[in-house]
Amino acid sequence: MAPTNDGSAKKVMNKGAWTEEEDKKLSQYIEIHGAKRWTAVAVKAGLNRCGKSCRLRWLNYLRPDIKRGNISDAEEDLILRLHKLLGNRWSLIAGRLPGRTDNEIKNYWNSHLSKKINHKEKALEVTTSKETMPEKLLDIVQGDIEDVKEIGNSKANFDAN
DNA sequence: AAATATTACAACCGCTACTAT
DNA sequence: CATAGTAGCGGTTGTAATATT
């Protein structure tokens, strides 16, 4: 811990897996002061971590509204559909799956779904059949697809510009 | 039962976008 | 308007857990 350093600029930060104690410090600090100003959070929470690391930990793990546990069939189906529509825009996809994070979905895609990519056509055909999708979810997807297309398009336009 | 391979996931890194000065 | 600092994104990696031989 401790200041450790001589005058020269860089502190050596912790890296790698978070300990329970670090988690606790981080959540406690954030509950009081909010999830903003990550560099300050890192320092003031007494964590020898960079802000970026704290942010990631909070967003992907500690944040209270995170849904844990396995991706349901319905969620998987939604991921497949959205990915077909959006490509690797994980954050956008995650936005349509309450409680799931971009990182989690990206991971899920890379490990579970990329092997299904071998039977890609089959998988996508299945997901386009409405019967396999619960009504509620279907509404969500269809409602959002317009939004999402717009976002996609405007980005494309911007890029092309 | 041990050794080795595979899988799954948390966390990192570099880059870009956004915001404020 | 330019520039600096911060937040966010997505690719990639390290490794712990699990499966296979």
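All values below come from the heavy atoms of this structure, side chains included, with hydrogens, waters and symmetry mates left out. Proteins get letters first, then strands, A, B, ... in listed order; numbering begins at 1 in each.
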**Fill in**
In this structure, SG of A:C54 is separated from NZ of A:K52 (nearest 0.5 Å) by 12.5 Å
**Asked** Does A:N103 have any side-chain contact (heavy atoms from CB on, under 4.5 Å) partners at least two apart in sequence or in another chain, and if so, which?
**Response** A:N60, A:T101, A:K106, A:N107
**Heavy atoms from other residues, nucleotides or ligands near CG of A:N14 exceed 12 (cutoff 6.0 Å)** = yes
**Item:** Gap between atoms CZ and C1', on A:R68 and B:dC9 respectively (whole Å)
**Value:** 13 Å
**Request:** Taking only the side-chain nitrogens and oxygens of A:H112, find out if one of them lies under 4.0 Å from OP1 or OP2 of B:dC9.
**Result:** yes
**Prompt:** Is a donor on one side and an acceptor on the other found under 3.5 Å between the side chain of A:R63 and the backbone of A:L59?
**Reply:** yes
**Request:** Please list, by residue number, the residues of residues 31-41 of chain A whose heavy atoms come closer than 4.0 Å to an atom of DNA chain B; answer none if no residue qualifies.
**Result:** none
**Message:** So if I take the C1' atoms of five pairs at each end of the helix from B:dA2-C:dT21 to B:dT21-C:dA2 and get each local axis, what angle do the two axes make, rounded to 10 degrees?
**Reply:** 0°
**Request:** Measure the CD1-CD1 distance between A:I105 and A:I71 for me, rounded to the nearest 0.5 Å.
**Result:** 6.5 Å
**Request:** Enumerate the residue pairs fulfilling ring pair (Phe, Tyr, Trp, His ring centres under 6.0 Å) with a member in residues 59-80 of chain A, sequence neighbours excluded, ordered by first and then second residue.
**Result:** none
**Item:** Side chains of A:N48 and A:E22, donor plus acceptor under 3.5 Å
**Value:** no
**Asked** Taking the inter-plane angle between the rings of A:W109 and A:W90 on a 0 to 90° scale, is it parallel (under 30°), tilted (30 to 60°) or perpendicular (over 60°)?
**Response** tilted
**Prompt:** In chain order, what residues pass the side-chain contact (heavy atoms from CB on, under 4.5 Å) check against A:E21, with sequence neighbours excluded?
**Reply:** A:T19, A:K25
**Asked** What residues form a side chain to side chain donor-acceptor pair (under 3.5 Å) with A:K24, not counting sequence neighbours?
**Response** none
**Complete:** side chain to side chain donor-acceptor pair (under 3.5 Å) filter on A:R100, not counting sequence neighbours, yields A:E75, A:E104
Anything under 3.5 Å between a protein N or O and an N or O of nucleotides 10-16 of chain B, put it in a table, one pair a line.
unit_1	atom_1	unit_2	atom_2	d
B:dA10	N7	A:N107	ND2	2.9
B:dA10	N6	A:N107	OD1	3.1
B:dA11	OP1	A:W18	N	3.0
B:dA11	OP1	A:R57	NH1	3.0
B:dA11	OP2	A:R57	NH1	2.2
B:dA11	N7	A:N103	OD1	3.2
B:dA11	N6	A:N103	ND2	3.2
B:dC12	OP1	A:G16	N	3.0
B:dC12	OP1	A:R49	NH1	3.2
B:dC12	OP2	A:S53	OG	3.1
B:dC13	OP1	A:K15	NZ	2.9
B:dG14	N7	A:K52	NZ	2.9
B:dG14	O6	A:K52	NZ	2.7

Scan the side chains in residues 26-47 of chain A for donor-acceptor partners under 3.5 Å anywhere in the protein, sequence neighbours excluded, and list what turns up.
unit_1	atom_1	unit_2	atom_2	d
A:S27	OG	A:D23	O	2.6
A:H33	ND1	A:Y29	O	3.4

**Prompt:** Which two nucleotides bound the region of DNA chain C that has atoms under 4.0 Å from heavy atoms of chain A, read 5' to 3'?
**Reply:** C:dT6 to C:dT12
**Complete:** Joining Ile, Leu, Val, Met, Phe, Trp and Tyr whenever any side-chain heavy atoms lie under 4.5 Å apart, the cluster holding A:L56 also takes in none
